[in-house]
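Only one structure is covered here, and it is reproduced in the block below.
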Number of protein chains: 2
Amino acid sequence: MNVGEVAALAGVTVRTLHHYDRIGLLSPSGRTPSGYRQYGPSDLDRLHQVLLYRELGFPLEEVATLLDDPSADPETHLRRQHRMLRDRLERTSAMVAAVEKEMEARNMGISLTPEERFEVFGEQDPAQYDAEVSQRWGETDAYKQSKRKTAAYTKDDWVRIKAEGAQLEARFAAALRSGAAPDSDEAMDLAEEHRQSITRNYYDCPPEMHVGLGRMYVEDERFTAHYEKIAPGLARYVSTAVQANATRQG
Amino acid sequence: MNVGEVAALAGVTVRTLHHYDRIGLLSPSGRTPSGYRQYGPSDLDRLHQVLLYRELGFPLEEVATLLDDPSADPETHLRRQHRMLRDRLERTSAMVAAVEKEMEARNMGISLTPEERFEVFGEQDPAQYDAEVSQRWGETDAYKQSKRKTAAYTKDDWVRIKAEGAQLEARFAAALRSGAAPDSDEAMDLAEEHRQSITRNYYDCPPEMHVGLGRMYVEDERFTAHYEKIAPGLARYVSTAVQANATRQG
DNA sequence: GTCCCGCCTGACGCCACGTCAGGGTCAAGG
DNA sequence: CCTTGACCCTGACGTGGCGTCAGGCGGGAC
């Protein structure tokens, strides 16, 4: 793909891609003989990450160091992005609430105190995550070692986590074959186990979010295919069990 | 208040306030004999608006024209801010969902198409609101007249809307005095009427949001006072009725 | 009086691009 | 085969929204 196509796809300008090339943040993996930039799939991956981090307010230089850090795998980035996006969601809804409060106050002829109206503009600090951890732990050797260790851990655990997932899927399939209803205790318990394993291994996944994942298993053909390959009807079975489990909990 | 205090309150730097003064976006209403900037309550109001619009991505120059537009009263700004913040909320949760999808995909060894991953970065365009209406209506005289008319309307209707609100509150008070339970049909109907009047006159207010407002009536002392002045116990009565109505609808 | 903090006004710097300028490239159509 | 128009290239300068000194005045606590 050449610049124009990538730009259109990603919703940025050509100039932006030129800029990212110049500062070494994202250089296309190839060039045509005539000098045209040629972007490959891996470049798109990287661009995606760049745009996410940019959206989250990181300066480009920091984005580069984040993405070039060899001790940080894609999962690390996704988890960080997820956490920051959820923070932002919270902050935005606080602002929505503040504006609603102000509207209602005006509606009733009440006026709010300045402190109140400004409180939503408090600390945000985009780079607080690195800063925070550096401040708390210092850039000591212990901290660095722990960081390396965690990175190593993740790689070691990777196989185990994958196996754990596969085993759960197998147990789901067994339940399906045994004729247990998707809203039976057995299926719901499996769903709950699934949710908890996500929370343990990846990110905090409350039942509500879990239901969203479940929906995706039947709505997105590739996720569906993944389950159907294990046992026919499994995608819908898991999805229903997840939903039943969430209802049971709520 | 002098710069430092305002800066601390609003969570911005002194330099920022200097800048806003220089470009004429926010000049303090007074100066001490020695030249110190003196900010009054109205300056804080304006600063609040400025920060909201800035947060929403408007360039400062546009913020100035928005806030200096004599045909736009505070309610107009609040409604616009509210709408844009809700848009942003939607967009952010879409991004959260996208990241979750990606995590889940990786978890299952599925890879997403580039289009899919970039789709959340589609159009956003901060100034789309003005642009949109200008494009659709053109900067014609008809458009300008309609704009003036709406502004005039709002001012004319203001009295009616206020009266409508007061009347509703009186009917709530009557219901309370008559001994009707807050979750009686009578009270819930009043609550529904309240919600619909907000939707008609101010902003779209689904039951869920309405419950939030109701909570505020008992949690914020000034809102409570407003209702208690009409009839003792009215704040909690209205709040409960609103919640009952939302439950009935949901 | 003096010490220190806070305020003032320039003036320069920086980031993430936007916006020309001047010129090569590529594919479709005449 | 040549033109035409859309697309690409590399400088180079401009811009918005401040950050960051530098040099100097104001003010109140001791």
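Each chain gets a letter, A, B and so on, in the order its sequence line appears, and its residues count up from 1. This structure is a prediction, so every number in the text was calculated from the model and none was measured.
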Nearest whole Å is fine: how far is [N] [atom2] from [X] [atom1]?
{"X": "Leu60(B)", "N": "dC18(D)", "atom1": "CG", "atom2": "C1'", "result": "9 Å"}
{"X": "Leu51(B)", "N": "dG17(D)", "atom1": "CG", "atom2": "C1'", "result": "13 Å"}
{"X": "Arg22(A)", "N": "dC15(C)", "atom1": "CZ", "atom2": "P", "result": "14 Å"}
{"X": "Phe58(B)", "N": "dG16(D)", "atom1": "CZ", "atom2": "P", "result": "17 Å"}
{"X": "Leu17(A)", "N": "dT10(D)", "atom1": "CG", "atom2": "C1'", "result": "16 Å"}
{"X": "Asn2(A)", "N": "dA6(D)", "atom1": "CG", "atom2": "P", "result": "16 Å"}
{"X": "Met1(A)", "N": "dC8(D)", "atom1": "CE", "atom2": "P", "result": "11 Å"}
{"X": "Glu55(A)", "N": "dA16(C)", "atom1": "CD", "atom2": "C1'", "result": "15 Å"}

Counting only side-chain nitrogens and oxygens, does [X] get under 4.0 Å of the OP1 or OP2 atom of [N]?
{"X": "Thr13(A)", "N": "dG18(C)", "answer": "yes"}
{"X": "Thr16(B)", "N": "dG19(D)", "answer": "yes"}
{"X": "His18(B)", "N": "dC8(C)", "answer": "yes"}
{"X": "Arg31(A)", "N": "dT10(D)", "answer": "yes"}
{"X": "Arg54(B)", "N": "dG17(D)", "answer": "no"}
{"X": "Ser34(A)", "N": "dC26(C)", "answer": "yes"}

Rounded to the nearest 0.5 Å, how far does [atom2] of [Y] lie from [atom1] of [X]?
{"X": "Leu52(B)", "Y": "His77(B)", "atom1": "CG", "atom2": "NE2", "answer": "11.0 Å"}
{"X": "Asp68(B)", "Y": "Ser71(B)", "atom1": "CG", "atom2": "OG", "answer": "11.5 Å"}
{"X": "Leu17(B)", "Y": "Ser27(B)", "atom1": "CG", "atom2": "OG", "answer": "11.0 Å"}

Item checked: Nucleotide of dA16(C), dG19(D), dT10(D) approaching Arg37(A) most closely (side-chain heavy atoms) -> dT10(D)
Notebook entry, point to check: Between dG18(C), dC18(D), dT10(D), which one does the side chain of His19(B) approach most closely?
Noted result: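 Output: dC18(D).
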Check: Do NZ/NE/NH1/NH2 and the carboxylate oxygens of Arg80(B) and Glu75(B) come within less than 4.0 Å?
Finding: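 No, no charged N to carboxylate O under 4.0 Å.
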Check: Got a salt bridge between Arg37(A) and Glu5(A), using NZ or NE/NH1/NH2 to carboxylate O under 4.0 Å?
Finding: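 Salt bridge absent between Arg37(A) and Glu5(A).
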Notebook entry, point to check: Toward the 5' end of DNA chain D, which comes first, Arg15(A) or Glu5(A), by nearest nucleotide?
Noted result: Glu5(A)
Note to self: With nearest nucleotide decided by heavy atoms, which residue, Val3(A) or Tyr20(B), maps closer to the 5′ end of DNA chain D?
What the structure shows: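 Final value for this comparison: Val3(A).
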Checklist line | Polar side-chain contact Tyr36(B)-dG27(D) base: donor and acceptor under 3.5 Å | finding: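 In this structure, the two groups form no donor-acceptor pair.
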Notebook entry, point to check: Which is true for Thr32(B) with a 4.0 Å heavy-atom rule: it touches a base, it touches only sugar-phosphate, or it touches nothing?
Noted result: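 Since no nucleic acid heavy atom lies under 4.0 Å of Thr32(B), the category is nothing.
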Check: Under 3.5 Å, side chain of Thr92(A) to main-chain N/O of Arg88(A), donor-acceptor pair present?
Finding: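 Yes.
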Margin query: Judged by each residue's nearest nucleotide on DNA chain C, which is more toward the 5′ side, Pro33(A) or Val14(A)?
Written below: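 First, find each residue's nearest nucleotide; the 5'-ward one identifies Val14(A).
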